[in-house]
Amino acid sequence: MTTQLIFEHSKRGRRGYRLPALDVPSAELTPSLMRDEVADEVEVSEVDVIRHFTRLSKLNVSIDAGLYPLGSCTMKHNPRLNEEIARTPGFALSHPLQPDRQVQGNLALLWHIERTLMEIFGLPRVTLQPVAGAHGELTGILMVHKALAKSGNARKYILIPDSAHGTNPASAAFAGYQIKELKSNSRGTVDIDTLAAAVTEDVAALMITVPNTLGVFETDIKRFADILHDKGAYLYCDGANLNSFVGIARPGDMGIDVIHSNLHKTFSTPHGGGGPGAGPVGVSEKLVPFLPTPTVEQAEDGTYYLDHGHPDSIGRVRAFNGNFNVLVRALTYMRSMGPDGLRRIAQIAVLNANYIRARLRGSYHLPYDAPSLHEVVFSDKLQTAKDVHTLDIAKRLMDYGFHPPTIYFPLIVAGALMIEPTESEPKEELDAFCDAMIAIAKECEERPELVRSAPHTTPVRRLDEARAARQPVLRWRK
Amino acid sequence: MTTQLIFEHSKRGRRGYRLPALDVPSAELTPSLMRDEVADEVEVSEVDVIRHFTRLSKLNVSIDAGLYPLGSCTMKHNPRLNEEIARTPGFALSHPLQPDRQVQGNLALLWHIERTLMEIFGLPRVTLQPVAGAHGELTGILMVHKALAKSGNARKYILIPDSAHGTNPASAAFAGYQIKELKSNSRGTVDIDTLAAAVTEDVAALMITVPNTLGVFETDIKRFADILHDKGAYLYCDGANLNSFVGIARPGDMGIDVIHSNLHKTFSTPHGGGGPGAGPVGVSEKLVPFLPTPTVEQAEDGTYYLDHGHPDSIGRVRAFNGNFNVLVRALTYMRSMGPDGLRRIAQIAVLNANYIRARLRGSYHLPYDAPSLHEVVFSDKLQTAKDVHTLDIAKRLMDYGFHPPTIYFPLIVAGALMIEPTESEPKEELDAFCDAMIAIAKECEERPELVRSAPHTTPVRRLDEARAARQPVLRWRK
Amino acid sequence: MTLPDPLTDQHRYISNASQDVSEMLEVIGIDSIDALFETIPDDVKLKELLNIPGPWSEIESRRWFRALAAKNLTAVDHVSFLGGGAYLHYQPACIDQLLLRAEFLTSYTPYQPEVSQGTLQSIFEYQTHQCLLTGLDVANASLYDGSTGLCEAVLLAERVVRNRKKVVIAKSVHPQYTETVRTYLQNLGYEIVEVGWTSDGRIDTAALREACTSDVFAVAVQSPNFLGVIEDYDAVAQIADAAGAVKIAVIAEATSLGILTPPGAHGFDIVVGEGQAWGVPTQYGGPFVGFMVVKDALKRHMPGRLVGETVDVDGKRAYVLTLATREQHIRRGKATSNICTNEALIALAANMYLSLMGKEGLREVGQQCLSKAAYLRAELQKIGSVILPFSGPVYNEFVVRTPFPADEILADLEHQKILGGIPLGQFYEGYDNEFLVAVTELHTREHLDQLVAALTASISRERR
Amino acid sequence: MTLPDPLTDQHRYISNASQDVSEMLEVIGIDSIDALFETIPDDVKLKELLNIPGPWSEIESRRWFRALAAKNLTAVDHVSFLGGGAYLHYQPACIDQLLLRAEFLTSYTPYQPEVSQGTLQSIFEYQTHQCLLTGLDVANASLYDGSTGLCEAVLLAERVVRNRKKVVIAKSVHPQYTETVRTYLQNLGYEIVEVGWTSDGRIDTAALREACTSDVFAVAVQSPNFLGVIEDYDAVAQIADAAGAVKIAVIAEATSLGILTPPGAHGFDIVVGEGQAWGVPTQYGGPFVGFMVVKDALKRHMPGRLVGETVDVDGKRAYVLTLATREQHIRRGKATSNICTNEALIALAANMYLSLMGKEGLREVGQQCLSKAAYLRAELQKIGSVILPFSGPVYNEFVVRTPFPADEILADLEHQKILGGIPLGQFYEGYDNEFLVAVTELHTREHLDQLVAALTASISRERR
Ligand SMILES: Cc1ncc(COP(=O)(O)O)c(C=O)c1O
Ligand SMILES: Cc1ncc(COP(=O)(O)O)c(C=O)c1O
């Protein structure tokens, strides 16, 4: 029953809605413009719908039910106050094309969150238009391209370490660049010499994640900036891991020219099963003229307005004003935390990750031993001997009631298990997780088949993913 | 982890709240008046609290997840619109002691729901003060007492059929009466002669549930009224089962003098794990002077006011204005349904119950064969042979994913299984339930021990209830 | 009466449509739904539809109900100092969203413990909070509210003492609570004796001593009382003990338990009260939640539901409704109370509130209420002709007197967007110039100064 | 920098307090949290706290944010006729409360199908709704919004056709969508050719034919277009086909799919659009939800996530993210898109909305929008000097012209508590007297009559 599709609940004559009776004459269009009823659309009651989705929800795990240690995803507590504030009718019912004078509240809010991000980034301006990290990446690289083009040569390449997230090269390519991959060194970071050698005249920028996807901070970051700047290139920082150093250090102070922040990570806006998000981008002075238009400005008289007058702007990267109501949630969170709270986030997030690292290092192989910040990446090296692999360990964790970590990423670690607990987690929860991981390591020794055949207790067990891709069934048919 | 108490999550220094900094001088009282911090109270973070209650919630079943066929409880769909409307700040933040002029919206709402209930009951006035069915029973019997006392003799007894709910005798006793129990006849109803014989000069009223707790309608109800009225006694109707005839027939037209309606049953307000509810009471002309005070009235100029001037009133049965925000939900529901919808409720509720009756009658014993309306009561007679009892069947149903019916009530049925599906349920759900019941009947034959040891799949299994009562542990201690 | 073809107007809350109906009728073996209603005599059957509005779409309902709500003057756009048994405290955002989880919102009384542990464990925790806060031993799962709670407390006391006829209730107990007790007791042959107060606003102990004759089975005082004054529990206890009466403490402002010495510490037998102040909206008076906590010796006389700890067949800790032999569904006419449905969801909200605030927060709320009330009292006293008639200690509420009718003063404050307080004249003879003012942690210093300024203005207007 | 003693100001969103911290430091084998940050060079470490407001309690946040929201003029207390790509339709009450369930709200992209079937099945259902509504074969799990959706559609078309350099976009496609495409394409060497409209407000087919040269890889039209006019899909398809260009239909008002013949029925290859109209609040422009549906032949070029059906080891039907080789995490620089986080929660809301409204409701919404727009047009035309410049068929939105600047007229309507429309001058040269008016099923006849009366008054005021 639970797994029936809503379409399979459909029964002739059922109804899930009511509208007021039509109070004007019913109008028609020429028949050729009007369709018949949407064939095969559902006929269900409100009861059917609520039952269906309530049951579906029970097939998901959630951050409110327990640790959700997806590395790089920063699955932290999503405060309910943010949801309440975002639903304030004055925000929820405001319209994106209203004249500035009618939406002074919204504009003030945008102005304040930009100021707050400017301070967090240590950068002079921030665009709030991008609605996700990848969208911010594209926006950032487009600005770099425009700036270089303006100074005569847009250049050809973006340098990206082999540890980077897939969106980095994808975004760079969409912005019109080719990618040159940088090999990581034994610490998992970028060697200053490797970089120096790679930064040729036709390199537009280095796109680097700080700390990187191993959670390791690029200690040479300032020197990276110097090398790039000397060659007229830019330093782009993927800020997905900002949670590890917010309030402790500022990208702008590291010589970073562009950074995006995933507000759905560091700033607690809920992931919603995949989105929405927001990916504001902060830029250094050199790039300010190229920010997407419009920008939010404050006039002498204290009123706010959208400024469309930026001749060098790359243009708008989305209709309307970005994911405004995600920004509302994020600003609510920033205010709830305050300066000390934001710093505390980084401190406890890093403490929690290193606690897990300390407790699990005996049981799992640590491919890169460099000190890590908010996340720790193990591998399945110790388990492969028994022919148990990362995927098996991940699935087995489900039987212990935990969502698995991110797996097989970063690509520079074979069989990666990428664990990010965030600052939200209480010690008891971390201990329960570590106990489970250690128990599984033991199972790998003693009962490998048990782990290989996991999960055993989930609503569905291991799926035939090959079949899904080989003979794609991407929609229901009657 | 799930079953830890919130007190067991407590850890020194944790904090789940923040208040604005005190902006006035901090004051003191004489030390003898001030306590130390509340010893053993919890110290937890907001994350701890949300995790805790989210996990607790997962140990409950709900009407949004499936059929919840508790007989006599009318577990119907609880529309979400009602929750939204009840949270309108103008309602939620209004204060019970505001002068009438400041709460015209609330008073209008109370006036309208009373009018709607008057029409549904077919009675001239309704009090909205009682906050539950039992509270309404007490209110109703107090009015009967006062009316009789006024006419010289309050009398001694209330007649109550042996099939009645426990609150009936309890309420009658609290109102100052002794109870005389009426034996049900073979149809499970009250014999006209039995009643006639029982109605002596010292009988104040008959308290009867219509239809009764077997779901059987008292076809002689009007003659009951005549008999009582001839003797100067009153007819009280327990309206808990109004869902079976709302919009089809009206208590007032049956000669009923007093009726309470559980708005948390017939009118869809959520049960909340045991409450809140509301139990408005409708009365015939004779009893109007005795209604609780204040009443809600409309003035010439269309404004509304609370009228405290009822010299014969029994007084108020609760501080303030009853469960106002439960009444808001109920009126929202009444408006959503409308006249045809309310009648449809009864029609489909009765259809659903009789469908179950038809499908299960081969498998379970039907102690009373009289036609029933919105619920059907089976017994375990066919199963006791295999030493399987109603309790076992109820527990086994949990393994099939259903909440059990009401069991061992009404008391006139040994091993009663009292099933009320309500109108909300789709046929598929009723079929799934019946299939489960039939499968269990089969199990009782073939694998009785499996049923006797059920449930097998619930968060906890059968409890030692005797121990709980023998050595009561009613609170956590450090 | 025949069922209108569901296709013409199928309802969203009723799943089965015409096709389902005919399939089901066939299984039952009848050809119309009407056949199922034959046991209802035709002469009582309605010949037409009820004369009520609807059906309305959600769109229409939103318009109509919001328009009504907009007619109320509330704290939404006024600064409110209303208390008198219903207080506007901080409401943590997560509580309401958790309450909306169907598993809490839509479940029934936990009769089947195996599928109701969420509700049962929460009640057990709630009971524990009540014990910790009041200093007594056994709490129940909730009662309707403070007023009906007091009725149950009085009846409990009588069951314990037996064969006495009088209950003494302080005049400074919430007047609507006492009214309710009067209603409950009217046919039971008990007498209610009220005892007034002295100039400090505390109960008149001399009069109390007099009232406490040998046929008094219980003494009930409220603290802080309806005048906002904190009673001297020990003085009251002494007198009640001398008469062998059960000592009942009434709490109408639950947050006071976070900072004031609890009745249990003064030997009271029963604490009964209203839990609304624990973050529940005032919502025109309901739903609220009554709590009752008693000494262990009284537990088998307790009204309402009790949750106890036990184990399941696997020895796993679990919770269950217990000591049910007290209750109406077993004891029927002899039950300790007729209560069945209670205020479980509000008790759950209270459990959440108390857990979030915790040891530190409960005290801070008390400290802030205390301090803001003290500040406001000091400021008000600077206004010539404003008098605070009672000299006793207060928590967050107190009586204000001006030379003018409270109704006029409050009406004038209303025009200044302030809901200034509750006129006392409606409760007590000769108190037409007095009104009750309550503050909580939600009031800023600006709010308090606003009231002072507005009241000053109102008074000078009155002078003219 | 040292950690302030958590006891002095422990934060509610961070569980671990000083006791936990010391226990954990001991296990790690260090004596301060600072030691964990040694890899960050001191010269980039902050020496002081960030200069930002906070920490705020919920009480303070509610005050500040609500005060801001109150500064906006919105449909809360105005009658609004604003559309232009963001429409205020009926929002069923149950949807938002279901979205608040943590299992939906807080979960991540369903990378682990065994514990994410709720999200996965819902996306599969959502994809199905999209296919049924548009008449095409394969839909994805969502894109950011309509504007970025169009960018993805154009790039998809180019991948399919290859070696052509031009894309034709109707001038009547939402101007901000086209602006966004311009931004996305700026470095990729493609040319955007815009084609205008004729007096009926439909695309100028003659100009389109001219524009459709052999190096055009795609043609994009919106219907109803930004002027509210319904395009002639067949005419456009014919011309595009002749040029061998991919046919892209843009939908900015999703409810129109409930009543207008879908692009799929006219042989379009790609339908891309904005799903906000399916009951999502306008919330100043986001979050919204972009949808894309394509012919089966194009599915391996699809951007974004796709959910497919499969079975688990027990043969049980289940759902999983599939065809991932298109995506950035596998293909990296060669992916069909850089999108990762999408608008899943809004797509879930859309699935709920479409399921509640269903076959009958989707049509009724369309019918009501159509009828109310027709009524309003007729009434407006009765006002002397009001002109509806475009003669083409419309759904629920249309252009109104008066002899006066739209900005002035709309400002005057605003004073009459009406948000009357969107001035066209900001988008199109020489349209300073025109504005866009949109209606939905939420407008009553009274609302429509109100606009007519108010506009009449505004115009006569202007005349003076
Ligand atoms: C390191 C990194 N970079 C970029 C991204 C892409 O961000 P988004 O999913 O918000 O587009 C992610 C998100 O998973 C990430 O972890
Ligand atoms: C027949 C009957 N009468 C009375 C009651 C008591 O009503 P309440 O629980 O609302 O006090 C009930 C509730 O279970 C009932 O079923």
Side-chain angles (χ1 to χ4, degrees), chain A residues 6 16-17 23-24 27 35 41-42 56-57 59-64 85 88-90 92-96 102 104-105 132 134 166 169-171 173 176 179 217 249 270-277 315 319-321 323-325 335 338-339 347 355 358 426-427 458 460-461 468 473 475-476, chain D residues 15 20 24 28 39 44 49-50 54-56 65 68-69 71-76 82 101-103 105-106 108-109 114-115 117-119 128 147 176 183 187 261 281 283-287 308-310 312 318 322 328-329 332-333 335 338 341-345 356 358-359 361 371 374-375 445:
Chain A
I6 190 69
Y17 81 101
D23 57 359
V24 299
R35 79 185 296 165
E41 258 302 349
V42 295
L56 282 190
S57 75
L59 304 177
N60 281 359
V61 295
S62 74
I63 191 70
D64 283 8
I85 298 290
T88 308
L93 297 186
S94 60
H95 189 283
Q102 294 179 354
Q104 283 296 301
S171 301
I179 287 79
F217 192 85
H271 284 95
F320 308 136
N321 315 297
N323 275 350
F324 174 75
N325 231 348
R335 291 294 182 261
Q347 292 172 311
Y355 179 71
K427 177 173 177 297
T458 45
V460 297
R461 293 179 51 228
V473 178
R475 60 170 286 191
W476 167 86
Chain D
S15 299
D20 307 282
M24 293 166 76
I28 299 170
T39 53
V44 300
L49 289 178
L50 292 170
W56 287 354
F65 284 97
L68 279 192
K71 289 205 174 83
N72 295 333
L73 309 187
T74 68
V76 175
L82 304 177
R101 284 184 67 82
E103 296 85 345
L105 185 74
T106 74
Y108 200 73
T109 303
E114 299 86 350
V115 288
Q117 283 297 301
T119 298
T128 303
S147 67
Q176 293 195 344
T183 303
N187 304 334
T261 50
Q283 40 194 353
Y284 204 48
E309 180 184 310
T310 184
D312 75 356
T322 192
Q328 44 76 23
H329 58 284
R332 314 206 33 110
N338 67 331
T341 286
N342 54 23
E343 308 296 316
L345 194 69
L356 279 167
K359 185 185 276 183
S371 304
Y375 172 83
R445 184 184 200 130

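Proteins get letters first, then strands, A, B, ... in listed order; numbering begins at 1 in each. Nothing here was measured: the structure is a model prediction, and the numbers come from that model.
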Please identify, among [options], the residue contributing the most non-hydrogen atom pairs under 4.5 Å to chain D.
options                                : result
A/Ala170, A/Gly272, A/Ala468           : A/Gly272
A/Gly90, A/Gly16, A/Pro96              : A/Pro96
A/Ala358, A/Pro276, A/Ala173, A/Ala249 : A/Pro276
A/Ala319, A/Gly176, A/Ala132           : A/Ala319
A/Gly315, A/Pro270, A/Gly277           : A/Pro270

Is the shortest side-chain heavy-atom distance between [X] and [Y] below 4.5 Å?
X        : Y        : result
D/Met24  : A/Lys427 : yes
D/Glu343 : A/Asn323 : yes
D/Gln176 : A/Phe320 : yes

By a 4.5 Å heavy-atom criterion (distance strictly below it), what part of D/Thr261 contacts chain A: side chain, backbone, both, or neither?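 Backbone plus side chain of D/Thr261, per the 4.5 Å heavy-atom cut-off to chain A.
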So what's closer than 4.5 Å to chain A heavy atoms on D/Tyr375: side chain, backbone, both or neither?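 D/Tyr375 touches chain A through side-chain heavy atoms alone.
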Find the one option among [options] whose heavy-atom pairs under 4.5 Å with chain A are most numerous.
options                               : answer
D/Lys71, D/Gln283, D/Gln117           : D/Gln283
D/Asp20, D/Val76, D/Val44             : D/Val44
D/Gly333, D/Ala318, D/Ala75, D/Pro281 : D/Gly333
D/Ile28, D/Leu345, D/Asp312           : D/Asp312
D/Thr128, D/Thr322, D/Thr109, D/Thr74 : D/Thr128

Atom CG of D/Leu82 and atom NE2 of A/His95: how far apart are they, to the nearest 0.5 Å?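 The NE2 atom of A/His95 is 5.0 Å from CG of D/Leu82, to the nearest 0.5 Å.
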Working to the nearest 0.5 Å, report the span between NE2 of A/His271 and CG of D/Leu105.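 Going from NE2 on A/His271 over to CG on D/Leu105, the span is 11.0 Å.
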Checking heavy atoms, do the side chain of A/Ile85, its backbone, both or neither come under 4.5 Å from chain D?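 A/Ile85 touches chain D through side-chain heavy atoms alone.
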Chain D heavy atoms under 4.5 Å from A/Thr88: which part of the residue, side chain, backbone, both or neither?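 The side chain, not the backbone.
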Is it the case that the side chain of [X] and the backbone of [Y] share a donor-acceptor pair, with hydrogens and angles ignored and the cut-off at 3.5 Å?
X        : Y        : answer
A/Thr458 : D/Val115 : no
D/Asn72  : A/Gly105 : yes
A/Ser57  : D/Glu103 : no
A/Asp23  : D/Arg445 : yes
A/Asn60  : D/Gly118 : yes
A/Asn325 : D/Pro287 : no

Answer with yes or no whether the side chains of D/Thr106 and A/Asp64 bring together a donor and an acceptor at under 3.5 Å.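 The answer is no; no qualifying pair exists.
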Identify the heavy atoms of A/Ser62 and D/Ala102 that sit nearest to each other, and give their distance.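 Heavy-atom minimum between the residues: CB-O, 3.3 Å.
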